[in-house]
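One-based numbering, in listed order, for ligands and for the atoms of each.
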Amino acid sequence: MSLEAKKVDVAIIGGGIIGSSIAYYLAKEKRKVAIFEAQQIGGKSTSAAAGMLGAHSEYKEFKHLYPFARSSQLLYKELYEEIKELTAIDFEKKNGGLLKLAYSEEERRDMESILSLSSVEWLDCKEAREKVPQLAADIVGAAYLKEDVHITPLIACNGLSKGAQLFGTEIYEYTHVLRVEKNGMGYLLITSQGTFLADNVVIASGVWSNNFFQQLGLSHEIIPVKGECVAAINEGAPLHYSVFHDQFYIVPRNNNELIIGATKKWNDWSEEPSLDGIEEVIQKAKRMIPEVGKMKWKRAWAGLRPQTYDGYPFIGEHPEMKGLYFATGHQRNGILLAPATGKMIRDLIIGSPVEKQWVDAFKVERNFFAYREGSN
Ligand SMILES: Cc1cc2nc3c(=O)[nH]c(=O)nc-3n(C[C@H](O)[C@H](O)[C@H](O)COP(=O)(O)OP(=O)(O)OC[C@H]3O[C@@H](n4cnc5c(N)ncnc54)[C@H](O)[C@@H]3O)c2cc1C
């Protein structure tokens, strides 16, 4: 061990939205934090995301995941203002909400659980098309999810990391963490840019967290679920709401850009979009808004969602190594879940109370069968 090694309270491995949120919440509590990012902040799964905060559109399970997701959705409201004031970075929050389409009575019935929530309203076909006149005429109707607004993920990630930096966090980009080793009461991080010491380590490395599970004696696995997206230019009437069906969506961004996504390719590690994938998302989008086919092409991309076997993220301490935490496996909702994850890891580290049901549901050493099929 080098005597020169720099020491921090908390070393975070991965500067995606999850690592950046954790850094922000901990730095605000005056912890000395460092983020180690192999490439650029937010450059991986985070920058590929559409940015929907879909607590209502995404979850059928109301026991653990929906309450956690909803708490995170609510945290965004304050975080949005807080980060804007602190850093002048605007997450580009769009408040229109989301229409979850139903093409049959069966699909409508499938939404009954969310329709019982006060923040959700059922619109028949005519009412839905009043909100979005471009919608296909063969829908039965849509659940109007007012609170499922969206943001621009890379900007949010940059806002959180910038906020963390203003509270003293050190950010090491292009710094690959090669190994984490136990060192007395703390940990040694061997990186491509030298060695660091930390009292606590948080692994927030998205799909690449697998390397650390293996190194640290755990057989857990994160599976990449590749998502491919296309951006189109809408020169027609602007879209004020996101539309969603069967886990595919069209999300309006600033300057008339529509984000159209996304495929779900299990255990596919390639980060380039394929023609098949692009064709699939365009077909799905045309089913929702037929005129999409006539819009101008802008770009296409792909990202890897970090998936767990039971659909729940890992947010908790290593079963045997005190002070070593995992915050990964947020699959298709990491943007939504970032604030609640940041807050939960902060509380675990500083010893503040955390909802027991979330600690149990998301802990690393859980019984996977108890929570199987936790999410859509
Ligand atoms: C197409 C698509 C659409 C999506 N849409 C949405 C959406 O609308 N709403 C939503 O909530 N979620 C969405 N998601 C999911 C969301 O993007 C992810 O859940 C989230 O970005 C995961 O964040 P993360 O920080 O865990 O991972 P990442 O953003 O992948 O960050 C992990 C970081 O760790 C770094 N890293 C890895 N290994 C090391 C190492 N050894 N040393 C240093 N750094 C390392 C990587 O370089 C990377 O930057 C979408 C995902 C995709 C692919």
Side-chain angles (χ1 to χ4, degrees), residues 11-23 34-55 57-59 69 72-73 76 98 148-154 156-157 160-161 171-180 189-193 201-212 215 222 224-231 242 244 247-251 259-265 268 271 273 277 281 300-308 313-315 326-342 375:
I12 298 171
I13 308 176
I17 191 108
I18 299 297
S20 299
S21 173
I22 295 167
I35 300 178
F36 298 91
E37 167 52 53
Q39 301 197 357
Q40 277 178 290
I41 291 290
K44 289 298 194 175
S45 187
T46 295
S47 59
M52 289 171 292
L53 306 183
S57 58
E58 288 286 331
Y59 294 110
S72 206
Q73 193 182 52
Y76 260 111
L98 179 147
D148 286 10
V149 300
H150 63 276
I151 55 165
T152 302
L154 181 57
C157 183
L160 289 164
S161 59
I171 299 180
Y172 298 91
E173 286 183 303
Y174 301 102
T175 305
H176 196 133
V177 179
L178 306 168
R179 276 201 327 277
V180 176
L189 273 78
I190 295 110
T191 83
S192 57
Q193 306 296 334
V201 175
V202 184
I203 290 153
S205 320
V207 286
W208 300 277
S209 304
N210 278 337
N211 299 332
F212 295 103
Q215 261 183 43
I222 302 285
V225 177
K226 178 178 170 181
E228 293 149 300
C229 290
V230 176
S242 300
F244 185 101
Q247 295 190 328
F248 287 85
Y249 44 79
I250 304 175
V251 175
I259 309 298
I260 298 174
T263 54
K264 289 165 284 184
K265 295 188 173 163
D268 185 338
E271 292 179 78
V281 294
W301 65 94
L304 306 181
R305 305 179 187 93
Q307 179 80 33
T308 59
F314 293 117
I315 309 173
F326 287 89
T328 184
H330 293 75
Q331 39 239 346
R332 50 184 291 121
N333 291 299
I335 308 303
L336 166 66
L337 301 178
T341 303
S375 69

**OP:** Kindly identify the option in A302, G334, G54, S47 whose heavy atom sits closest to atom 20 (C) of ligand 1.
**Re:**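 When every heavy atom of A302, G334, G54, S47 is considered, G334 comes closest to atom 20 (C) of ligand 1.
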
Original post:
Heavy atoms only: which of I222, V177, V251 is nearest to atom 40 (C) of ligand 1?
Top reply: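 Looking at heavy atoms only, V177 sits closest to atom 40 (C) of ligand 1.
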
Specify the protein heavy atom at minimum distance from [atom]: its residue, its atom name, and the distance to 0.1 Å.
{"atom": "atom 5 (N) of ligand 1", "answer": "A50 N, 3.2 Å"}
{"atom": "atom 3 (C) of ligand 1", "answer": "Y249 OH, 3.3 Å"}
{"atom": "atom 24 (P) of ligand 1", "answer": "I18 CG1, 3.7 Å"}
{"atom": "atom 27 (O) of ligand 1", "answer": "G206 CA, 3.7 Å"}
{"atom": "atom 45 (C) of ligand 1", "answer": "A38 CB, 3.8 Å"}
{"atom": "atom 29 (O) of ligand 1", "answer": "T46 OG1, 2.6 Å"}
{"atom": "atom 11 (O) of ligand 1", "answer": "L336 N, 2.8 Å"}
{"atom": "atom 49 (O) of ligand 1", "answer": "E37 OE1, 2.7 Å"}

Nearest heavy-atom neighbours spanning [X] and [Y]:
{"X": "A302", "Y": "E228", "answer": "CB-CG, 4.0 Å"}
{"X": "A262", "Y": "C229", "answer": "CB-SG, 3.8 Å"}
{"X": "G206", "Y": "P306", "answer": "C-CB, 3.9 Å"}
{"X": "S20", "Y": "I41", "answer": "OG-CG2, 4.3 Å"}
{"X": "L189", "Y": "A11", "answer": "CD2-CB, 3.8 Å"}
{"X": "Q39", "Y": "E37", "answer": "N-OE2, 2.7 Å"}

**OP:** Just do the side-chain contact (heavy atoms from CB on, under 4.5 Å) check on I335 and Y76 with the steps written out, would you?
**Re:** CA-CA 10 Å; I335 308 303; Y76 260 111; 3.7 Å; yes

Check each heavy atom of [X] against ligand 1 and say whether those closer than 4.0 Å belong to the side chain, the backbone, both or neither.
{"X": "K226", "result": "neither"}
{"X": "W208", "result": "side chain"}
{"X": "A327", "result": "neither"}

Measure the distances from the heavy atoms of [X] to every atom of ligand 1 and state whether one is below 4.0 angstrom.
{"X": "T175", "result": "yes"}
{"X": "I13", "result": "yes"}
{"X": "G51", "result": "yes"}
{"X": "A48", "result": "yes"}
{"X": "W301", "result": "no"}

Judging by distance only, is a nitrogen or oxygen of [X] under 3.5 angstrom from one on ligand 1?
{"X": "I335", "value": "yes"}
{"X": "G303", "value": "no"}
{"X": "K44", "value": "no"}
{"X": "A49", "value": "no"}
{"X": "S45", "value": "yes"}
{"X": "L337", "value": "no"}

Heavy-atom side-chain proximity of [X] to [Y] below 4.5 angstrom:
{"X": "I18", "Y": "T328", "result": "no"}
{"X": "F36", "Y": "H176", "result": "no"}
{"X": "D148", "Y": "M52", "result": "no"}
{"X": "V177", "Y": "W208", "result": "no"}

Using a strict cut-off of 4.0 Å, indicate which atoms of ligand 1 neighbour a heavy atom of [X].
{"X": "Q331", "answer": "15 (C), 16 (C), 18 (C), 19 (O)"}
{"X": "A204", "answer": "32 (C), 34 (O)"}
{"X": "I17", "answer": "23 (O), 25 (O)"}
{"X": "F212", "answer": "41 (N)"}
{"X": "M52", "answer": "7 (C), 8 (O), 9 (N), 10 (C), 11 (O)"}
{"X": "R332", "answer": "6 (C), 9 (N), 10 (C), 11 (O), 12 (N), 13 (C), 14 (N), 15 (C)"}
{"X": "C229", "answer": "1 (C)"}

**OP:** List the steps, then state whether side-chain contact (heavy atoms from CB on, under 4.5 Å) holds for Y59 with N333.
**Re:** CA-CA 10 Å; Y59 294 110; N333 291 299; 3.2 Å; yes

**OP:** Test H330 against every option in I315, I222, I17 by the side-chain contact (heavy atoms from CB on, under 4.5 Å) rule and name the one that passes.
**Re:**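 Checked I315, I222, I17 against H330; only one passes side-chain contact (heavy atoms from CB on, under 4.5 Å): I315.
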
Original post:
Donor-acceptor pair, S205 side chain versus I13 backbone, under 3.5 Å?
Top reply: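 Flag set: sc S205 to bb I13 pair under 3.5 Å.
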
**OP:** Run the numbers on V225 and Q331 for side-chain contact (heavy atoms from CB on, under 4.5 Å), then give the verdict.
**Re:** CA-CA 8 Å; V225 177; Q331 39 239 346; over 6 Å; no

**OP:** Kindly write out the residues that satisfy side-chain hydrogen bond (donor to acceptor under 3.5 Å, both in side chains) with S72, not counting sequence neighbours, or none if the list is empty.
**Re:**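 Residues passing side-chain hydrogen bond (donor to acceptor under 3.5 Å, both in side chains) with S72: none at all.
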
